[in-house]
Amino acid sequence: MSQIIDSKIREDFPILEKKVNGSRLVYLDNAATTQKPKCVVDAISDYYYNHNGNPHRGAHTLSIEATSLYDNAKKKVQNFINADSEDEIVFTKNCTESLNLLAYSLSQSFKEDDEILLCISEHHSNILPWQRISKEKNLILKYIYVNEDGTIPESEYEKINKNTKLISIAQMSNVLGTIFPVKKISQIAHEKGAIVVIDAAQSIPHMKVDVKDIDADFLVFSAHKMLGPMGIGVLYGKKHLLDNMPPFLLGGDMIEYVYENDVTFAQVPYKFEAGTQNVEGAVGLKAAIDYLEKIGLQNIEAHEKMLTEYAVEEMLKIPYIEIYGPMDLEKRGGIISFNVKDIHPHDVSTILDSYGVASRAGHHCCQPLMRYMGINSSVRISFYLYNNIEDIDIFIDSIKNVRKWLGYGS
Ligand SMILES: Cc1ncc(COP(=O)(O)O)c(C=O)c1O
């Protein structure tokens, strides 16, 4: 079977040379975090060896260099998601912090009985911040429920109504792999006057995301799921909306004037970036985006589609595996959650690890979804650009041994 991305790119990822339990590392936990190419690690080292200073604060050369690297990374993100201006890009710690910032800050203008709408498949980080502000402000928290195949039935869109203040939904589910029609959702929501927040944590690393095309009011993601470092995330927001929001964290760098009992805040995006910022993270994120663009998001998407198709086809041949999420492969990305009959997901994942296969077992930070699906947990494999057919073959061979290991015939 021919591959869209040449396996030679694996050489860019030194960790893939690692042996795990004596076997070739088959890294299939990309939805949790991705591996880093050498160019990302080198860019971070270069920053510390040659340019380290506190940005936006100094008149000296190193501070100016750090400022310029930080600002260039913002420009890069702006172009990557097709935002109108770099002022619409706020750097945060991760996707979770971006969502907490939004929930706190937006809710200051929400009124009792305003409705917040989420999807049942959301990650806890896109549930808990909204749950808290709903309790504090007496808002009504509602959910869209998915079909058995992990897609949203048309009738559920009727939940978006004139009382809906905000809808927040992941573009790709980290359990079901479903790619949700966010462009359509944002169109319906805007017709009803609701704000649209898109959690792009699992989509942006794998497909072209254009904030103007999908008309997202806000979009959030983490660098570590797209070849970048941990500890930096992005909050995109339409400028006129960010302008009207109060800051989340208070402190240095985000102010204009401070008096003994009062303060005026800096312009966006700085009013949302309190304290010393993560310049190494910004530098690493820029290097990661450069790398992704060199390979091409379309190639990455096509490559993962091919891997997903092959993996699902092979998994369907194994009678004791149940796969969750859409079977229409056009509606899903490279995340496959499944269970092996009679075997606890944690045992499955541990046995896979003994063959060098890294998978994930548990509720995947989606307990409401698990409860809705009537399961406690699942095993999850997830692909990225450096995975190849050989990885899938090793995974399939290994999974076939799981039940035997635990004393079942097959
Ligand atoms: C869909 C989704 N949203 C949000 C998050 C949270 O990302 P982070 O832990 O980087 O903040 C994750 C992480 O797995 C995710 O899959």
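Note that the coordinates shown come from a computational prediction; the quantities given were computed from them, not determined experimentally. Order of listing sets the numbers, starting from 1, for every ligand and every atom in it. When reading the values below, keep in mind they use all heavy atoms of this one structure, side chains included, and skip hydrogens, waters and symmetry mates.
Between V283 and I44 the shortest heavy-atom distance is CG1-N, 4.3 Å.
With hydrogens and angles left out, the side-chain atoms of Y384 and E304 include no donor and acceptor closer than 3.5 Å. Between the side chains of N30 and N387, at least one donor N or O lies within less than 3.5 Å of an accepting N or O. Neither side chain, S186 nor D215, offers a donor N or O lying under 3.5 Å from an acceptor on the other.
For ligand 1, the atoms sitting less than 4.0 Å from at least one non-hydrogen atom of A201 are 2 (C), 3 (N), 4 (C), 15 (C), numbered in the order shown with element in parentheses. Proximity to Q202 (heavy-atom distance under 4.0 Å) selects the following atoms of ligand 1: 1 (C), 14 (O), 15 (C), 16 (O). Numbered from 1 in the order shown, with element, the atoms of ligand 1 that lie under 4.0 Å from a heavy atom of H224 read 10 (O). The ligand atoms of ligand 1 that sit less than 4.0 angstrom from a heavy atom of C95 are 4 (C), 7 (O), 11 (O).
Ring-plane geometry between H124 and H363 is classed as tilted, the angle between the planes lying from 30 to 60 degrees on a 0 to 90 degree scale.
No option in K159, K142, E115, K192 other than E115 meets the side-chain contact (heavy atoms from CB on, under 4.5 Å) test with T164.
Using a cut-off of 4.0 Å between Lys/Arg side-chain N and Asp/Glu carboxylate O, K286 and D290 are scored as salt-bridged.
Among D199, N174, T92, the residue whose heavy atom sits closest to atom 2 (C) of ligand 1 is D199. When the heavy-atom distances from atom 11 (O) of ligand 1 to I169, T33, T96 are ranked, the shortest goes to T96. Between S222, C366, G231, it is S222 that holds the heavy atom closest to atom 10 (O) of ligand 1.
Looking at atom 13 (C) of ligand 1, its nearest protein heavy atom turns out to be K225 NZ, 2.8 Å. Scanning the protein for heavy atoms near atom 15 (C) of ligand 1, the closest one is H123 CD2, 3.4 Å.
The side chain of S125, and not its backbone, has at least one atom closer than 4.0 Å to an atom of ligand 1 (non-hydrogen atoms only; side chain from C-beta on).
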